[in-house]
Undergrad: 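First, the structure itself, so that you have it in front of you.
Just so it is clear, the model here is predicted, and its values are computed rather than measured.
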Amino acid sequence: MDSLVVSHIFRQLFATPSKNCLCVSSHAALRASLIPQQRRSYALRRNQNDAQGGSNWQQRIDAFPKDMSRQLREYPKVTSFDLRNRLHRPKRVKMLARDFIEDSLYNPNYGYFSKHATIFNPGEPFDFPTIKDDAEFNRRVSLSYTEYEDKLDEEDPDETRQLWHTPTELFRPYYGEAIARYLITNYRLTLFPYHDLIIYEMGAGNGTLMQNVLDYIRDTDPEVYQRTRFRIIEISSSLAKLQLRNLRKSPTSSEHLDHVEIINKSIFDWSDYIHSPCFFLALEVFDNFAHDSLRYNPISEEPLQGNVLIDEDGEFFEYYEKILDPVAARYLRIREAASRSPFTTPVSDSRLLRRLKLALPFAPNLTRPEWIPTRMMQFFDILRDYFPAHRLIVADFDILEQTTPGINAPIVQTRYRRRNVPVTTPYVHQGYFDIFFPTDFRMMEDIYRAITGKLTRVLSHKDFLERWAHVEDTQTKSGENPMLSWYKNARVMTTV
């Protein structure tokens, strides 16, 4: 979307106050996000042992920031955990980039998933054999979106509703049935009859996958169904209530209640040791795991860790520290030791080329950012420590377009008046913007193996579905198959 259109949308967004409208929290961050091809330099905060002390704010950017040296000294450094019980977005604090993202997405009182995200439900499943081709399916999805949001607006009009879809909803029940076939087959081959079929799902959305999986197991393998336990781990209280409500009101799923447990907590707060073998589903979850931002000194190749300072007006200021926190430092050590093939960083190119770029007028003083999935690493720690007999099934996007600048950088976007509005920085009004990252499956596989000691298999989304789905169920009259073609940028990793 061109910058003039984006500017107009944001002017309207912030000029029309209502109970559902965004508040102005960071004019500077939003102005910066709308400037194409912006050239920036970044504040370098010296550590306390630095002989010069203080902070060096190098103001080589289009919109010159204030000198924040005093605020850097005085503001407390907080974490997303510290902010959990806050009712309002914080001011006069500083935090790591990953804590800002975690707080923006998951804070119980103003986070994106806690308060603003709505998952599209098309109503009746699509009847694919009656659909002409992929183009007609696109039109039907678009029409269903409009009808669904019209109904929501009749009850509660909202110009900033954050609405999105998942393959589980678009291709139900067939997508869930493919997952169920995978689970039944692997359970019967390796665990039956000595163990129950225990399934954990993290980030279950509307609870549709749970219902589709249980429906299929009940209808096709009653013996396994009697031994099935499905447990959802859901960080969002509103989504946990919605999952239970949807389960109770479904005429075909009421009997599932004895097989289901919905646990309303963050997986990162997990403390129960699960000794039994289990399957752990994480479908389109890793993309919303918080990441750390690193930039490198182009000459010394030293990594610096990204932080954000929020001033008394709620404006955001990005700065970098030379001392990495233990979590980011550990990720870099594991990546260096575990990677089975070369990986790219902002300093992987020629040092001579970097020196030449640095000599140019107004050249940035640090490299472009690299986003590292530190929260993903901590999730693998949870699996190793509390679910030692787990088998993981991960599905997510390995390539994304329209990302913010950098390596492994996220898409940051909001919806306004039913249109997606992408921006070029994650430091925007907390809770109203989805922040989601691509997943480097090659590196994820190496990190997972190093932490858990388990072996894995990675398939394209299409290959996985061709193995486990009845693909004829989603084939159109033309022979095109939207379930196979819509998610070409996704992959699936399973524990073997």
Side-chain angles (χ1 to χ4, degrees), residues 22-33 38 40-47 55-59 61 63-84 86 88-107 110-112 288-295 303-325 327-328 364-372 374-375 404-406 408-410 412 414 423-437:
L22 299 183
C23 299
V24 179
S25 66
S26 178
H27 294 293
L30 288 171
R31 281 199 305 269
S33 75
Q38 179 184 24
R40 300 187 65 173
S41 291
Y42 300 89
L44 306 180
R45 188 184 182 200
R46 304 182 186 277
N47 62 63
S55 299
N56 179 20
W57 284 82
Q58 303 185 38
Q59 300 177 346
I61 60 176
F64 293 100
K66 298 181 291 185
D67 186 335
M68 307 300 291
S69 301
R70 177 184 61 81
Q71 290 88 339
L72 276 173
R73 290 193 305 268
E74 296 178 358
Y75 287 0
K77 193 165 190 176
V78 298
T79 67
S80 57
F81 183 83
D82 299 329
L83 300 173
R84 280 188 183 184
R86 288 185 64 104
H88 306 289
R89 295 162 180 81
K91 296 180 181 180
R92 298 178 180 173
V93 296
K94 57 194 178 188
M95 66 188 83
L96 292 170
R98 74 165 180 267
D99 285 307
F100 179 86
I101 294 170
E102 182 99 4
D103 184 60
S104 296
L105 295 178
Y106 300 111
N107 184 284
Y110 51 78
Y112 178 84
N288 288 121
F289 274 163
H291 286 49
D292 269 295
S293 172
L294 300 180
R295 293 182 188 260
L304 295 91
Q305 189 168 10
N307 294 255
V308 60
L309 179 147
I310 308 175
D311 72 5
E312 61 272 14
D313 298 319
E315 294 190 11
F316 307 117
F317 296 87
E318 187 178 3
Y319 71 96
Y320 285 81
E321 293 185 314
K322 293 182 178 180
I323 297 179
L324 304 186
D325 88 310
V327 175
N365 59 337
L366 296 177
T367 67
R368 59 181 174 152
E370 175 191 13
W371 294 89
I372 58 173
T374 41
R375 215 45 166 150
T404 63
N408 199 42
V412 184
T414 189
V423 297
T424 59
T425 172
Y427 304 121
V428 284
H429 196 66
Q430 302 98 311
Y432 279 95
F433 289 79
D434 194 3
I435 305 171
F436 56 106
F437 294 82

Undergrad: Would you say that Phe81 contacts Glu102 through its side chain, given a criterion of any heavy-atom pair below 4.5 Å between the two side chains?
TA: no
Undergrad: Within a strict 4.5 Å, meaning less than it, do heavy atoms of the Arg86 and Val78 side chains meet?
TA: no
Undergrad: When you compare the side chain of Met95 with that of Val308, does any pair of heavy atoms fall below 4.5 Å?
TA: yes
Undergrad: Determine the minimum heavy-atom distance between Val423 and Thr404, stating which atoms define it.
TA: O-CG2, 3.8 Å
Undergrad: Has the side chain of Asn307 got a donor or acceptor atom that lies under 3.5 Å from a matching backbone atom of Gln305?
TA: yes
Undergrad: Side-chain contact, heavy-atom cut-off 4.5 Å: Asn408 with His291?
TA: yes
Undergrad: For the residue pair Tyr427 and Phe316, categorise the inter-ring angle as parallel (less than 30°), tilted (30 to 60°) or perpendicular (more than 60°).
TA: tilted
Undergrad: Determine, for Lys77 against Asp325, whether the closest basic-nitrogen to carboxylate-oxygen distance falls under 4.0 angstrom.
TA: no
Undergrad: Compute whether any side-chain donor of one residue and acceptor of the other, for Asp311 and Tyr75, lie under 3.5 angstrom apart.
TA: no
Undergrad: Going from CE on Met68 to CD on Glu315, what distance comes out if it is rounded to the nearest 0.5 angstrom?
TA: 8.5 Å
Undergrad: If you measure from CG on Leu105 to CD1 on Ile435, what distance do you get to the nearest 0.5 Å?
TA: 5.0 Å
Undergrad: How many angstroms lie between CD1 in Ile372 and CZ in Phe437, if you round to the nearest 0.5 Å?
TA: 11.0 Å
Undergrad: So, taking the atom named CD in Glu312 and the one named CZ in Arg92, what distance separates them when rounded to the nearest 0.5 Å?
TA: 5.5 Å
Undergrad: Before accepting this row, confirm whether a basic side-chain N of the pair Arg295/Glu318 lies closer than 4.0 Å to the acidic partner's carboxylate O.
TA: yes
Undergrad: Hey, mind stepping through Leu324 and Leu294 against side chain to side chain contact (heavy atoms under 4.5 Å, CB included) and telling me if it holds?
TA: CA-CA 9 Å; Leu324 304 186; Leu294 300 180; 4.1 Å; yes
Undergrad: For Asn288 and Asp434, run side chain to side chain contact (heavy atoms under 4.5 Å, CB included): C-alpha distance rounded to whole Å, both residues' side-chain angles, the deciding distance at 0.1 Å, then the answer.
TA: CA-CA 8 Å; Asn288 288 121; Asp434 194 3; 3.1 Å; yes
Undergrad: For the side chain of Ser293 and the backbone of Pro369, is there at least one donor-acceptor N/O pair under 3.5 Å apart?
TA: no
Undergrad: Taking all non-hydrogen atoms of both residues, which atom of Thr374 and which atom of Ala328 are closest, and how far apart?
TA: CG2-CA, 4.0 Å
Undergrad: Could I get the full list of salt bridge (charged side-chain N to carboxylate O under 4.0 Å, His left out) partners for Glu74, not counting sequence neighbours?
TA: Arg70
Undergrad: Does the side chain of Tyr110 come within less than 4.5 Å of Leu83's, by heavy atoms?
TA: yes
Undergrad: Could you tell me if the side chain of Trp371 sits less than 4.5 Å from the side chain of Pro426, heavy atoms only?
TA: yes
Undergrad: What I'd like to find out is whether the side chain of Tyr320 reaches to under 4.5 Å of the side chain of Pro303, using heavy atoms alone.
TA: no
Undergrad: Should Phe317 and Gln71 be marked as a side chain to side chain contact (heavy atoms under 4.5 Å, CB included) after you check the CA-CA gap, both sets of side-chain angles, and the distance that decides it?
TA: CA-CA 11 Å; Phe317 296 87; Gln71 290 88 339; over 6 Å; no
Undergrad: Report the C-alpha separation of Asp103 and Ser80 in whole Å, then their side-chain angles, then the decisive distance to 0.1 Å, and conclude whether the side-chain hydrogen bond (donor to acceptor under 3.5 Å, both in side chains) test is met.
TA: CA-CA 5 Å; Asp103 184 60; Ser80 57; over 6 Å; no
Undergrad: Report yes if some heavy atom in the side chain of Val327 is under 4.5 Å from a heavy atom in the side chain of Arg98; otherwise report no.
TA: yes
